[in-house]
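Comments concern the structure below.
When reading the values below, keep in mind they use all heavy atoms of this one structure, side chains included, and skip hydrogens, waters and symmetry mates. Letters A, B, ... mirror the listed sequences (proteins, then strands); counts begin at 1.
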Protein chains: 2
Amino acid sequence: MALSKAEIERRMERMARTCRDGGLKLTHQRMEVFRELAGAEDHPDAETIYQHVRRRVPAISRDTVYRTLATLEEQGLIHKAEILSSRGRYDANMDHHHHFICTACGRVHDFYSRTLDDLPIPRSVASFGRVESAQVQLRGICTSCAKTKE
Amino acid sequence: MALSKAEIERRMERMARTCRDGGLKLTHQRMEVFRELAGAEDHPDAETIYQHVRRRVPAISRDTVYRTLATLEEQGLIHKAEILSSRGRYDANMDHHHHFICTACGRVHDFYSRTLDDLPIPRSVASFGRVESAQVQLRGICTSCAKTKE
DNA sequence: TCTCTAAACAAGAATAATTCCGATTCAGGA
DNA sequence: TCCTGAATCGGAATTATTCTTGTTTAGAGA
């Protein structure tokens, strides 16, 4: 079940409005990168987006795709999923725990919660596959980053 | 509050036992990489671990650190946090949602849950900082990967 | 204890994702 | 239409990670 044309158009319009409000130019490239994501449901990566948009905008560069994705994320128009930083982070704490991630400095704090260890998984998820683990990720600003910002 | 010597030793012993059981050699390098993580609470990345271990084992190579971390993770002795794959994944769905991630193929499925949108955050987290968003990550094997494995 | 061998290691080259840089183009306001 | 700063292009640079080749070594067995 792909997204409806109407939904895509709604997203395109919101994007155009946000860009205008933010003083960002509505370039052909920017719109096509967003259109690609607005119609996708499979969380594509930058390279995939680049390859698809290139069919419509042959001269577009990878750099533009990367820059545009970063800009759109800043504007709150898209999400970048899963990645904390470009580096993997390791941890020898094998007790079941959850993470608080500071979006400013990238620091990760573990925390524990019996309630969160045993989350109610919606029945609909079963259609995706078998769940093997569940973890809560909190994002925010840590106390030391909050201090330095003031 | 650093980890107690006793806890570190407990982890070291478990590591030694696991290696022996798995037919893995207890090399100096392997033990020092694990010791570094066993005593750390800050989720260091591979480069940081390399720099620290190097002070004790000057000739160790980055490759060994990377290989050892992968081996330790396979053995269930450490966690690799946050990273799904090496590529960022993008998403124009800005409604609050959660993720089911297939650990075999890396595919990501969105799902929705009012209950999960409003998780009870433990009071202790407040000491880390201000929480701005909460998201549940489920990991497992998706139906299509489960099929091809049979 | 000594020997042997597969497993593990070191060093640096290779790869992959992403970002930077200098030159060029263009969106949108005047 | 003209102008200017923002955005783009193309390729080089950077960063994290993995691979390759030759060397070392843990630990099994004599």
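Between Tyr66(A) and dT19(C) there is no side-chain polar atom (N or O) within less than 4.0 angstrom of OP1 or OP2. Here Arg62(B) does not reach the OP1 or OP2 of dA11(C): none of its side-chain N or O atoms lies under 4.0 Å away. Of the side-chain N and O atoms in Gln29(B), none sit less than 4.0 angstrom from OP1 or OP2 of dT25(D). In terms of phosphate contacts, Ser61(B) brings no side-chain nitrogen or oxygen within less than 4.0 Å of OP1 or OP2 of dG12(C). Between Thr27(B) and dT25(D) there is no side-chain N or O to OP1 or OP2 distance below 4.0 Å. Considering only side-chain N and O atoms, Arg67(A) lies nowhere under 4.0 angstrom from the phosphate OP1 or OP2 of dT19(C).
Shown here is Arg130(B), whose CZ atom has no more than 12 heavy atoms of other residues, nucleotides or ligands within 6.0 Å.
We find that CE of Met31(A) is positioned 13 Å from P of dA7(D), with the value rounded to whole Å. The nearest whole Å value for the distance from the CD atom in Glu47(A) to the P atom in dT15(C) is 16 Å. Atoms CD (Glu73(B)) and P (dT18(D)) sit 11 Å apart, rounded to a whole Å. Protein atom NZ of Lys25(B) is 12 Å distant from nucleotide atom P of dT25(D), rounded to whole Å. Counting to the nearest Å, the P atom of dA10(C) and the CZ atom of Arg54(B) are 12 Å from each other. Rounded to an integer number of Å, the gap from CG of Leu69(A) to C1' of dT8(D) is 15 Å. Between the CZ atom of Arg20(B) and the P atom of dA7(C) there is a distance of 19 Å, given to the nearest Å. The CG atom of Leu26(A) sits 22 Å away from the P atom of dT25(C) (whole-angstrom rounding).
Looking only at distances, no side-chain donor or acceptor of Arg62(B) sits under 3.5 Å from a matching main-chain atom of Tyr50(B). Remark: the backbone N or O of His109(B) is not paired with any side-chain donor or acceptor of His97(B) at under 3.5 angstrom.
Summarising the geometry, atom CD belonging to Glu73(B) is positioned 8.5 Å from atom CG belonging to Leu69(B); distances are rounded to the nearest 0.5 Å.
Nearest nucleotide to the side chain of Ala46(A), out of dA10(C), dT18(C), dT8(D): dT18(C). When the nucleotides dA8(C), dC26(C), dC21(C) are ranked by their closest atom to the side chain of Asp63(A), dC21(C) comes out on top.
In summary, of the residues considered (Thr64(B), Val57(B), Ile60(B), Val65(B)), a side chain to side chain contact (heavy atoms under 4.5 Å, CB included) with Glu32(B) occurs for Val57(B) alone.
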